[in-house]
Amino acid sequence: QVQLVESGGGLVQAGGSLRLSCAASRSILSINVMDWYRQAPGKQREYVATIISSGSTNYADSVKDRFTISRDNAKNTMYLQMNSLKPEDTAVYYCRAVHTSRSYWGQGTQVTVSS
């Protein structure tokens, strides 16, 4: 099993930056896929970004060129650097790890961007 804990959310003005962290309870060396998703009030959870063990990344069009996903295997932690934040980025951000064909989710961290 994998337990995930997100942190780093908060309130920021439009144009500002935040860095989210997702700490895993075990080594992430064997976790091939790690993602970030988000869910705004009244909306479905939506995909944000993926990083795989090789370091390859993928982003939703809405965050491309503003967000950067990364992972530090030594710290068992994944990150999401969010720059040029917009009010529409306001959501609860969740991290996910896919391990042995199972998906594990964190509890989420709130990001609020004021205009």
Side-chain angles (χ1 to χ4, degrees):
Q1 288 200 351
V2 183
Q3 293 179 326
L4 302 171
V5 178
E6 301 97 334
S7 62
L11 174 64
V12 64
Q13 289 188 330
S17 298
L18 283 173
R19 188 177 81 154
L20 306 183
S21 299
C22 172
S25 60
R26 55 162 292 154
S27 171
I28 64 173
L29 282 172
S30 61
I31 300 176
N32 187 42
V33 178
M34 298 188 77
D35 308 302
W36 286 98
Y37 284 77
R38 66 187 182 186
Q39 187 166 17
K43 295 188 177 181
Q44 290 189 331
R45 191 171 296 190
E46 67 172 4
Y47 169 78
V48 175
T50 295
I51 185 165
I52 63 174
S53 55
S54 68
S56 294
T57 59
N58 188 65
Y59 298 90
D61 288 343
S62 59
V63 305
K64 201 171 293 184
D65 298 326
R66 299 188 298 123
F67 290 10
T68 302
I69 189 171
S70 62
R71 56 193 284 172
D72 186 333
N73 292 335
K75 295 183 178 180
N76 299 328
T77 301
M78 175 178 66
Y79 302 98
L80 186 69
Q81 177 66 44
M82 306 186 295
N83 298 329
S84 302
L85 282 162
K86 305 174 181 180
E88 50 264 44
D89 294 318
T90 295
V92 177
Y93 284 71
Y94 299 90
C95 63
R96 182 185 77 139
V98 179
H99 180 60
T100 60
S101 302
R102 291 186 61 182
S103 288
Y104 298 88
W105 293 87
Q107 82 291 346
T109 185
Q110 176 71 46
V111 171
T112 303
V113 184
S114 64
S115 57

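Reckoned from all heavy atoms, side chains included, excluding hydrogens, waters and symmetry mates.
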Asks: Given Arg38, which partner from the list Glu6, Glu46, Glu88 fulfils the salt bridge (Lys or Arg N to Asp or Glu O under 4.0 Å) test?
Replies: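 The passing option is Glu46.
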Asks: State whether a side-chain donor-acceptor pair under 3.5 Å links Asn83 with Ser17.
Replies: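 A pair is found: one side chain offers a donor N or O, the other an acceptor, under 3.5 Å apart.
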Asks: Could you state whether Val2 and Ile52 fall into the same hydrophobic cluster, counting links through intermediate Ile, Leu, Val, Met, Phe, Trp or Tyr residues with side-chain heavy atoms under 4.5 angstrom apart?
Replies: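 No, because Val2 and Ile52 fall into different hydrophobic clusters, even though each may have its own neighbours under 4.5 Å.
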Asks: Are Trp36 and Phe67 an aromatic pair by the rule of ring centers under 6.0 Å?
Replies: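 No: the rings miss the under 6.0 Å criterion.
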Asks: Is the distance between the ring centroids of Tyr47 and Tyr37 less than 6.0 Å?
Replies: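 Yes, they do, as the ring centres are separated by less than 6.0 Å.
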Asks: For the residue pair Arg45 and Tyr94, would you count it as a cation-pi contact if the rule is NZ or CZ under 6.0 angstrom from the ring centre and within 45 degrees of the ring axis?
Replies: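 Relative to the ring axis of Tyr94, which defines the angle, Arg45 lies inside both limits.
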Asks: Could you tell me if Arg19 sits above the aromatic ring of Tyr79, with its cationic atom closer than 6.0 Å to the ring centre and no more than 45 degrees from the axis?
Replies: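 Yes, cation above the ring, under 6.0 Å and within 45°.
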Asks: Quick one, Asn32 and Val98 - any side-chain contact, counting heavy atoms below 4.5 Å?
Replies: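 A side-chain contact under 4.5 Å is absent here.
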Asks: Say whether Ser103 and Arg96, considering side chains only, have a donor N or O and an acceptor N or O under 3.5 Å apart.
Replies: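 A donor-acceptor contact under 3.5 Å links the two side chains.
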Asks: Between Lys86 and Asp89 (salt bridge meaning N to carboxylate O under 4.0 Å), is one present in this structure?
Replies: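 No salt bridge links Lys86 with Asp89.
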Asks: Backbone N or O of Tyr93 within a donor-acceptor pair of the Thr109 side chain at under 3.5 Å?
Replies: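 No, the answer is negative, given that no donor and acceptor are paired below the 3.5 Å cut-off.
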Asks: For Asp72, enumerate each residue passing the side-chain hydrogen bond (donor to acceptor under 3.5 Å, both in side chains) test, keeping only those at least two apart in sequence or located in another chain.
Replies: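 Listed in chain order: nothing, the list is empty.
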Asks: Taking the side chain from Thr112 and the backbone from Leu11, do they hold a donor-acceptor pair closer than 3.5 Å?
Replies: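 A pair under 3.5 Å: no.
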Asks: Do the side chains of Ile51 and Met78 get nearer than 4.5 Å, heavy atoms only?
Replies: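 Yes; the side chains approach each other to less than 4.5 Å.
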Asks: Test your reading of the model: is there a side-chain donor-acceptor pair from Tyr59 to the backbone of Ile69, 3.5 Å cut-off?
Replies: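 Here the side-chain-to-backbone pair exists.
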Asks: Applying a strict under-4.5 Å side-chain criterion to I, L, V, M, F, W and Y, I'd like to know whether Trp105 and Leu80 cluster together.
Replies: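 In one cluster: no.
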Asks: Is any side-chain heavy atom of Gln81 less than 4.5 Å from a side-chain heavy atom of Leu18?
Replies: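 They are not in contact (no side-chain heavy atoms under 4.5 Å apart), so the answer is no.
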Asks: Is there a side-chain contact between Met82 and Leu20 in this structure, where contact means two heavy atoms from C-beta onward sitting under 4.5 Å apart?
Replies: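 A side-chain contact exists here, since the closest heavy-atom pair is under 4.5 Å.
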Asks: Could you check if a side-chain atom of Arg26 sits within less than 4.5 angstrom of a side-chain atom of His99, using non-hydrogen atoms only?
Replies: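 Touching, per the 4.5 Å side-chain cut-off.
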Asks: State, to 0.1 Å, how close Ser115 and Ala14 come at their nearest heavy-atom pair, and which atoms those are.
Replies: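 For Ser115 and Ala14, the tightest heavy-atom pair comes out as CA-CB, 4.4 Å.
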Asks: Could you report the tightest heavy-atom contact between Gly108 and Val92, atom names first, then the distance?
Replies: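 The answer is CA-CG1, 3.8 Å.
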Asks: Any side-chain donor paired with an acceptor under 3.5 Å for Ser62 and Arg66?
Replies: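 Per modelled atom types, Ser62 and Arg66 side chains form no pair under 3.5 Å.
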Asks: Let me confirm one number: the CE-OG distance from Met34 to Ser53, rounded to the nearest 0.5 Å.
Replies: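 The distance works out to 11.0 Å.
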Asks: Could you check whether any side-chain N or O of Arg71 sits under 3.5 Å from a backbone N or O of Ile28, counting only pairs where one atom can act as donor and the other as acceptor?
Replies: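 Present.
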Asks: Could you grab the distance from atom SG of Cys95 to atom CG of Asp35, nearest 0.5 Å is fine?
Replies: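 Nearest 0.5 Å value for the SG-CG distance: 9.5 Å.
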Asks: Thr77 side chain to Lys75 main-chain N or O, any donor-acceptor pair under 3.5 Å?
Replies: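 Yes, because the side chain of Thr77 sits within donor-acceptor range (under 3.5 Å) of the backbone of Lys75.
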